[in-house]
Student: 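Before we start, here is the structure in question, set down as structure tokens.
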Amino acid sequence: HERWDDYVFLRLEDHLVRCVAAGAMNESEARDSHAHFDAMREALRAQRPALLHGDPGSHNVIVDAEGIRAVIDWEDALLGDALFDLASLATFHPERRHDAIFAGYGIALEADADARRRFWLYFLRIALAKTVHRLRFGTADRPGRPPASGRIQLALGRLAEGA
């Protein structure tokens, strides 16, 4: 994509419609989501591009007692806002682990309101895409655990708080 914001907005409408149809969010949440993305479009466009892994989960990191030895599976690599990879990684973990993830990246989001808003917007975007992916492949939520689509409401809540 020519611009970072074009990538972030790619299939956004479709993902919102599919998430509403599946009951992962309601119409009001979909409208709120769209409004958050529209409000942040210029801020996204202004981000200096960095090399992103695109799928930075623990399943793509080889570690030993010495630390990280390799990061594998670069097929989803792209250029964009570095916070996108951080948000992607955070979607694999409950919120109680986020501070440790931020510390590991050397990022203090509490000190930067714009970065915090972008983080939660990216978290929302990734949660929407992951929910559509789970629906497409029929991946069921684990019994006794919160629904995976709850990441959508988590991000919307943080964005409503002003992130």
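For clarity, every value in this text was computed on a predicted model and none was experimentally measured. Only this structure's heavy atoms are used, side chains among them; waters, hydrogens and symmetry mates stay out.
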Student: Classify the ring geometry between Phe9 and His34 as parallel (under 30°), tilted (30 to 60°) or perpendicular (over 60°).
Tutor: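 Correct class here is perpendicular.
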Student: Give the intermediate values and the outcome of side-chain contact (heavy atoms from CB on, under 4.5 Å) for residues Gln47 and Asp114.
Tutor: CA-CA 11 Å; Gln47 296 312 301; Asp114 179 62; 4.3 Å; yes
Student: Are Ile68 and Tyr105 connected in a single hydrophobic cluster, I mean Ile/Leu/Val/Met/Phe/Trp/Tyr linked by side-chain heavy atoms less than 4.5 Å apart?
Tutor: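 In one cluster with Tyr105: Ile68, no.
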Student: Could you pull out the closest heavy-atom pair between Arg134 and Ala140, with the gap in Å?
Tutor: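 Closest approach of Arg134 to Ala140: NH2-O, 3.1 Å.
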Student: So, the side chain of Asp85 versus the backbone of Gly54: is there a donor-acceptor pair under 3.5 Å, distance only?
Tutor: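 Present.
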Student: Can Tyr7 be reached from Val132 by stepping across I, L, V, M, F, W or Y side chains whose heavy atoms are under 4.5 Å apart?
Tutor: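 No, separate clusters.
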Student: Could you pull out the closest heavy-atom pair between Ser149 and Thr131, with the gap in Å?
Tutor: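 Nearest pair, atom of Ser149 first, then Thr131: CA-OG1, 3.8 Å.
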Student: Are any of the side-chain nitrogens in Arg41 or Asp6 under 4.0 Å away from the carboxylate oxygens of its partner?
Tutor: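 Salt bridge: yes.
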Student: Taking atom CZ as the centre, does Arg142 end up with more than 12 heavy-atom neighbours from other residues, nucleotides or ligands that are less than 6.0 angstrom away?
Tutor: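 Open.
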Student: What are the two closest non-hydrogen atoms of Asp64 and Glu66, and how far apart are they?
Tutor: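 Smallest interatomic distance, heavy atoms only, reads OD1-N, 2.8 Å.
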Student: Determine, for Asp112 against Arg116, whether the closest basic-nitrogen to carboxylate-oxygen distance falls under 4.0 angstrom.
Tutor: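 Looking at Asp112 and Arg116, the cut-off is not met.
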Student: Rounded to the nearest 0.5 Å, what separation is found between the CG atom of Leu109 and the CD1 atom of Ile101?
Tutor: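 Answer for the CG-CD1 pair, Leu109 versus Ile101, is 11.0 Å.
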Student: Does a salt bridge link Asp14 with Arg18, judged by any charged N lying under 4.0 Å from a carboxylate O?
Tutor: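 Result for this pair is yes, salt bridge flagged.
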Student: What's the separation between atom CG in Leu44 and atom CG in Asp81, rounded to the nearest 0.5 Å?
Tutor: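 Result: 7.5 Å between the selected atoms.
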Student: Should His133 and Thr139 count as side-chain neighbours, where that means a heavy-atom distance under 4.5 Å?
Tutor: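 They are not in side-chain contact.
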Student: When rounded to the nearest 0.5 angstrom, what is the spacing between CG in Leu52 and CG in Leu79?
Tutor: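 That separation rounds to 7.0 Å.
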Student: For residues Tyr122 and Leu78: do they belong to one hydrophobic cluster (side chain heavy atoms under 4.5 Å, members Ile, Leu, Val, Met, Phe, Trp, Tyr)?
Tutor: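 Yes, because Tyr122 and Leu78 connect within a single hydrophobic cluster, where side-chain heavy atoms sit under 4.5 Å apart.
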Student: Under the 3.5 angstrom rule, does the side chain of His98 hit a backbone N or O of Ala90 as a donor-acceptor pair?
Tutor: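 Present.
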Student: How many angstroms lie between CD in Gln153 and CG in Asn26, if you round to the nearest 0.5 Å?
Tutor: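 Reported to 0.5 Å precision, the distance equals 8.0 Å.
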Student: Minimum heavy-atom separation for Leu51 to Ala77, with atom names?
Tutor: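 The pair with the smallest heavy-atom distance is CD1-CB, 4.4 Å.
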Student: Arg151 side chain to Ala127 main-chain N or O, any donor-acceptor pair under 3.5 Å?
Tutor: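 Flag not set: sc Arg151 to bb Ala127 has no pair under 3.5 Å.
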Student: Is it the case that one hydrophobic cluster holds both Leu154 and Leu128, taking links as side-chain heavy atoms less than 4.5 Å apart, direct or via other members?
Tutor: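 The answer is yes; both residues are in one hydrophobic cluster.
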Student: Set out, in order, the CA-CA distance, both residues' side-chain angles and the distance that settles side-chain contact (heavy atoms from CB on, under 4.5 Å) for Leu12 and Leu16, then state yes or no.
Tutor: CA-CA 6 Å; Leu12 175 62; Leu16 290 168; 4.0 Å; yes
Student: Give, for atom CG of Leu121 and atom NE2 of His36, the distance between the pair rounded to the nearest 0.5 Å.
Tutor: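 If we round to the nearest 0.5 Å, Leu121:CG and His36:NE2 are 8.5 Å apart.
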Student: Following the transitive rule for hydrophobic clusters with a side-chain heavy-atom cut-off under 4.5 Å over Ile, Leu, Val, Met, Phe, Trp and Tyr, establish whether Ile126 and Leu89 coincide in one cluster.
Tutor: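 The answer is yes; both residues are in one hydrophobic cluster.
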Student: At what distance, to the nearest 0.5 angstrom, does CG of Leu159 lie from CG of Asp32?
Tutor: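 If we round to the nearest 0.5 Å, Leu159:CG and Asp32:CG are 10.0 Å apart.
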Student: Locate the shortest heavy-atom distance separating Leu156 from Leu124; write the atom from each residue and the value.
Tutor: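 Shortest heavy-atom separation between Leu156 and Leu124 comes out as CD2-CD2, 4.0 Å.
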Student: Return the minimal non-hydrogen interatomic distance between Glu95 and Arg158, and the atom names on each side.
Tutor: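 Taking every non-hydrogen atom into account, OE1-NH2, 2.7 Å.
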Student: Within the distance-only criterion (no hydrogens, no angle test), does the side chain of Asn60 pair as donor or acceptor with the backbone N or O of Asp55 below 3.5 angstrom?
Tutor: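 Confirmed, Asn60 side chain pairs with Asp55 backbone.
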Student: Would you confirm whether Arg125, through its side chain, and Val8, through its main-chain N or O, come within 3.5 Å as a donor-acceptor pair?
Tutor: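 Confirmed, Arg125 side chain pairs with Val8 backbone.
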Student: Which of parallel (below 30°), tilted (30 to 60°) and perpendicular (above 60°) describes Phe84 and Trp4?
Tutor: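 Geometry flag for Trp4 against Phe84: perpendicular rings.
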